[in-house]
Amino acid sequence: MNSIEINRIPSPTWNKLGINHTTLSPDPSSLCHARPVETEGDYFPIVPADFSVPGSAGAAFTRLLEEILPKAERFSSLPEKPLLIRDTLFPGQVRRLSLRAARGSHLILITRCLASSSSDGQILEDVQILAEAASHVTIVQILDGNSQEKTAVSLAADAQEDAKIDVTQIVLGGAGNILGGNIFLRGNRSSLDAAIHYQCRADHELDLNWVISHAGQKSESRILAQGSLNDRCKKVFRGTIEFLRGAAGSVGEETEDVLLLSDEVHNQTVPVILCSEENVQGNHGASIGRLSDELLYYLQSRGPSKEDIIRLLTAARLKSALRRIPDSETVQWLQQRLNENPD
Amino acid sequence: MNEKTYLDEISHSRYDFRYAEDNYFKVDQGLNEDIVLEISREKGDPDWMRDFRIHSLKQYHRLSVPDWGPDISGLHMEDIITYIRPGHAGMTPKWNELPGEIRETFERLGIPQAERDSLAGVGAQYDSEIVYHNVREEVAAQGVVYTDLESALHGPYADMIRSHFMHLVPCTDHKFAALHGAVWSGGSFVYVPKGVSVDIPLQSYFRLNAPGAGQFEHTLIIVDEGASLHFIEGCSAPKYNVANLHAGCVELYVEKNAHLRYSTIENWSKNMYNLNTKRAVVKEGGLMEWASGSFGSHVSYLYPTTILAGAKAKMTYTGITFAGAGQNLDTGMKVVHSAPDTASVIHAKSISKSGGISTYRSAVTVTPAGTGSKSTANCESLMLDDQSRSDTIPVLNINTADAEIGHEARIGQISNEAIFYLMSRGLSEEEARARIVSGFADSVSKELPLEYAVEMNNLIRLEMKGSIG
């Protein structure tokens with residue numbers, strides 16, 4: 001199958017920079033359905049079909065997964081009740097999830113994409129979430145492993161009035177990771193709090209495409225992308241905050257903090273603000289650089305080598321994401337993973 | 001003693017006036033090899049330039065229009081006249097030798113007065129040709145060359161032109177650079193010798209008078225080692241109900257330890273497609289400063305680019321864009337840090353009102369050779385109503401760990417508290433908003449000579465008229 005363009009930025013810029021999208025060369029014949037998710041809590045296997053927010057990876061990716069898996073797995077929480085979904089994918093597996101957080105409920109989705117060199121193959125997932133009024137959705141996506149194949153996870157969410165969406169994405173490894181989120185803050189006072197923590201090394205590539213659209217009044221978004229780049233890796237972060245006309249009183253804030261650890265890394269950042277509404281506040285701040293000599297000198301004076309210091313700081317950045325995970329089983333797994341093999 | 005500056009009542013009539021093109025020479029509308037060869041013959045090109053034009057035309061046909069910026073589908077090259085020459089005989093160093101309507105045009109724009117008051121030299125272009133060029137004797141005596149590009153092409157600097165012309169902006173760069181290479185006409189050449197400091201600015205002013213015409217002037221400036229120059233570029237046109245096109249090209253060479261400041265007040269009419277290309281290369285220890293105010297045109301694609309090619313080279317960019325009704329202004333900058341310890345500082349501001357669209361687009365690139373480089377960018381956008389649009393699309397493209405890159409962007413509105421405060425001091429709401437917007441633009445006007453800062457504030461006041469209700 002031919003390669004497809006995915007993770008396309010909504011407002012493209014100079015093509016020569018090679019930053020407007022990335023590509024995926026899928027092999028549908030080698031992909032199969034992932035094993036069923038684990039759930040804790042009651043649910044309905046029905047979700048309204050009229051979901052209109054495109055996935056962060058784009059329409060071509062969604063069409064591809066629809067061809068492989070005509071039917072999505074559907075879970076709808078019960079009003080005012082919690083529902084936890086644990087979702088694990090391995091190489092060669094694909095999944096489509098369609099979720100609804102019912103009014104006042106708390107829906108938690110924990111996804112782990114565990115690539116490994118022993119069983120190669122792509123991992124592809126498409127997640128759609130409808131967050132009904134006053135619901136709370138927590139999404140944790142962990143991408144790990146040392147596969148040479150790509151992992152691509154597409155996320156779309158539609159937040160209604162007073163809905164709250166928290167997203168934590170943790171990238172620990174993998175030769176080619178493609179992820180992001182397209183969050184439509186439709187309802188008044190709906191909100192998004194997203195944190196992306198990553199470490200990227202060797203020849204690995206990380207491609208992130210985040211789009212947050214403010215449509216509801218007094219909607220709020222905050223996105224933090226923080227990580228370290230080492231060896232010859234390449235990272236692209238596209239972060240778009242769009243204020244649509246009518247989103248009066250909305251606030252969007254985007255922060256990026258990149259630690260560069262090698263002279264051969266390639267970091268590309270496109271922090272976009274699109275604004276059609278007068279009464280909003282949109283802010284972006286980016287800080288990209290290496291470890292300061294002063295900090296390095298101070299820490300080395302306490303004993304550890306430069307390599308140990310880099311390892312400690314990288315792990316500390318990743319561990320700061322632990323407190324955002326509302327599932328002790330996942331926290332325990334992640335802690336063990338970081339302690340055993342911080343690289 | 002402090003002096004107060006009193007501003008006359010301002011109106012668009014200062015810029016929006018026109019004259020008939022009686023006895024003017026024009027090529028046919030459109031773009032083909034015959035037209036390009038006709039322009040080449042008219043200008044008496046050397047063979048290499050004629051061949052370059054034909055090569056550029058081929059590139060133009062090969063390249064696509066951008067698929068990422070404002071819509072330019074309303075620009076039809078088959079309707080554009082690419083070369084139009086006033087009927088009088090050539091360029092003169094005396095204003096009173098110009099034909100009446102051309103002399104009157106520049107007098108109404110205040111150019112002769114500005115030359116007398118505060119400039120070291122002036123070049124004035126009317127449609128496709130430079131009609132006036134003059135430089136003060138004491139500046140010329142320092143060895144400073146300031147002339148029209150065609151004269152330089154045939155004079156003692158011919159080899160220098162050939163070795164620099166469209167080397168920084170190759171005709172393959174993009175479709176409108178190729179168009180420029182094929183049909184360029186007019187523009188200025190400046191050479192500042194080693195160690196010479198030109199203490200007062202030079203200015204080129206570009207006036208496009210004819211409806212449906214294009215202007216394709218080429219500005220080539222070389223500031224040699226340890227020299228310094230401030231160059232000012234101004235432009236305007238009357239408004240027509242057909243599309244006009246500006247696809248000029250500016251190439252700036254800042255040699256070792258040299259300093260060039262390039263200031264622009266762009267006030268094209270609002271039927272203009274402004275697809276201009278500006279690029280500078282800065283050698284070791286050199287400094288390039290851009291000060292840019294974009295007020296006019298229907299659509300703009302304008303991104304002054306700086307290549308910091310020598311160690312410790314520096315660049316500053318201070319720009320403001322004001323997009324009103326019917327305008328889609330896509331402006332910003334690009335900088336490439338390709339040598340060690342280079343630095344760039346970017347301050348960009350934009351204002352949108354009455355349905356105007358303002359986009360700040362930028363790219364900061366640090367190559368692997370740009371170790372120890374630093375870049376800071378600050379971008380602020382002001383929305384004056386809920387009918388307008390303001391977008392910010394910066395790219396940070398970093399290829400080494402040894403770099404410190406910071407970027408901040410903010411979009412917001414005028415605070416009601418500030419308007420209320422000013423109104424409580426006796427200002428009308430319109431005046432209060434205009435004052436706040438002028439203050440917002442202050443960081444740019446501070447970078448301009450007084451006369452041009454006044455003109456910029458006039459333009460802001462003009463744009464803010466009728467902004468209430």
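Proteins get letters first, then strands, A, B, ... in listed order; numbering begins at 1 in each. Basis for what follows: all heavy atoms, side chains included, without hydrogens, waters or symmetry-related copies.
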Q. Does the pair Glu408(B) and Asn283(A) meet the rule for a side-chain contact (heavy atoms from CB on, under 4.5 Å), with working shown?
A. CA-CA 7 Å; Glu408(B) 286 181 60; Asn283(A) 298 306; over 6 Å; no
Q: Identify the heavy atoms of Ser276(A) and Arg389(B) that sit nearest to each other, and give their distance.
A: OG-NH1, 2.7 Å
Q | Ala363(B) portion near chain A, given a 4.5 angstrom heavy-atom threshold | A | both
**Q.** Asp263(A) side chain vs Ala401(B) backbone, donor-acceptor pair below 3.5 Å
**A.** yes
Q. What distance do Trp14(A) atom CH2 and Asn397(B) atom CG have between them, rounded to the nearest 0.5 Å?
A. 11.5 Å
Q) Between Pro271(A) and Pro394(B), what is the shortest heavy-atom contact and its length? A) O-CD, 3.0 Å
Q. Going from CD1 on Ile9(A) to CD1 on Ile393(B), what distance comes out if it is rounded to the nearest 0.5 angstrom?
A. 7.0 Å
Q. So, are Asp402(B) and Arg290(A) salt-bridged, with charged N and O less than 4.0 Å apart?
A. yes
Q.
Nearest 0.5 angstrom please: Ile288(A) CD1 to Leu396(B) CG, how far?
A. 4.5 Å
Q. Taking the side chain from Asp391(B) and the backbone from Cys275(A), do they hold a donor-acceptor pair closer than 3.5 Å?
A. yes
Q | Under 4.5 Å from any heavy atom of chain A - which part of Asn378(B) | A | neither
Q) Are side-chain heavy atoms of Ile273(A) and Arg410(B) found at a separation under 4.5 Å? A) no
Q) Between atom CG of Asp386(B) and atom CD of Glu277(A), what is the distance when rounded to the nearest 0.5 Å? A) 5.5 Å
Q: Pick one of side chain, backbone, both or neither for Glu256(A), based on which atoms fall under 4.5 Å of a heavy atom in chain B.
A: neither
Q: Compare all side-chain heavy atoms of Asn279(A) with those of Met383(B) and state whether any distance is below 4.5 angstrom.
A: no
Q: Check whether Lys334(B) gets within reach of chain A through its side chain, its backbone, both or neither, counting any heavy atom under 4.5 Å.
A: side chain
Q) Above 12 or not: heavy atoms from other molecules or residues under 6.0 Å from CZ of Arg435(B)? A) no
(Q) Using a 4.5 angstrom heavy-atom cutoff, name the option from Leu260(A), Val270(A), Thr269(A) with the most pairs to chain B. (A) Thr269(A)
**Q.** Contact origin within Tyr303(B) toward chain A - heavy atom pairs under 4.5 Å
**A.** side chain
(Q) Is Lys234(A) close to chain B through its backbone or its side chain, or both, or neither, when contacts mean heavy atoms under 4.5 Å? (A) neither
Q | Toward chain B, the part of Leu274(A) with a non-hydrogen atom under 4.5 Å | A | both
**Q.** Heavy-atom proximity to chain B below 4.5 Å, by part of Ser262(A)
**A.** backbone
Q. For the residue pair Arg361(B) and Thr13(A), what are the closest heavy atoms and their distance?
A. NH1-OG1, 3.1 Å
Q) So which of Ser352(B), Ser381(B), Ser388(B), Gly69(B) has the biggest tally of heavy-atom pairs under 4.5 Å with chain A? A) Ser388(B)
Q: Starting at CG of Asn399(B), measure out to CD of Glu264(A) and round the result to the nearest 0.5 Å.
A: 11.0 Å
Q. Any salt bridge between Glu278(A) and Lys353(B), counting N to O under 4.0 Å?
A. no
Q) Any chance CD of Gln281(A) has more than 12 other-residue heavy atoms, nucleotides or ligands included, within less than 6.0 Å? A) no
Q: Indicate the atoms forming the closest heavy-atom contact of Trp68(B) with Asn15(A), along with that distance.
A: CD1-ND2, 3.7 Å
Q.
Quick check on Leu261(A) against chain B: is it the side chain, the backbone, both or neither that has a heavy atom closer than 4.5 Å?
A. backbone
Q. Which atoms of Ser375(B) come close to chain A, meaning under 4.5 Å heavy atom to heavy atom: side chain ones, backbone ones, both, or neither?
A. neither
Q: Look at atom CZ of Arg62(B) and say whether more than 12 heavy atoms of other residues, nucleotides or ligands are closer to it than 6.0 Å.
A: yes
Q: Output the option from Val280(A), Ile19(A), Asn230(A), Thr255(A) having the highest count of non-hydrogen pairs under 4.5 Å with chain B.
A: Val280(A)
Q: Kindly assign one of parallel, tilted or perpendicular to the pair His284(A) and His407(B), based on the angle between their ring planes and the thresholds 30° and 60°.
A: tilted
**Q.** Value rounded to 0.5 Å, distance of NZ in Lys235(A) from CD1 in Ile398(B)
**A.** 9.5 Å
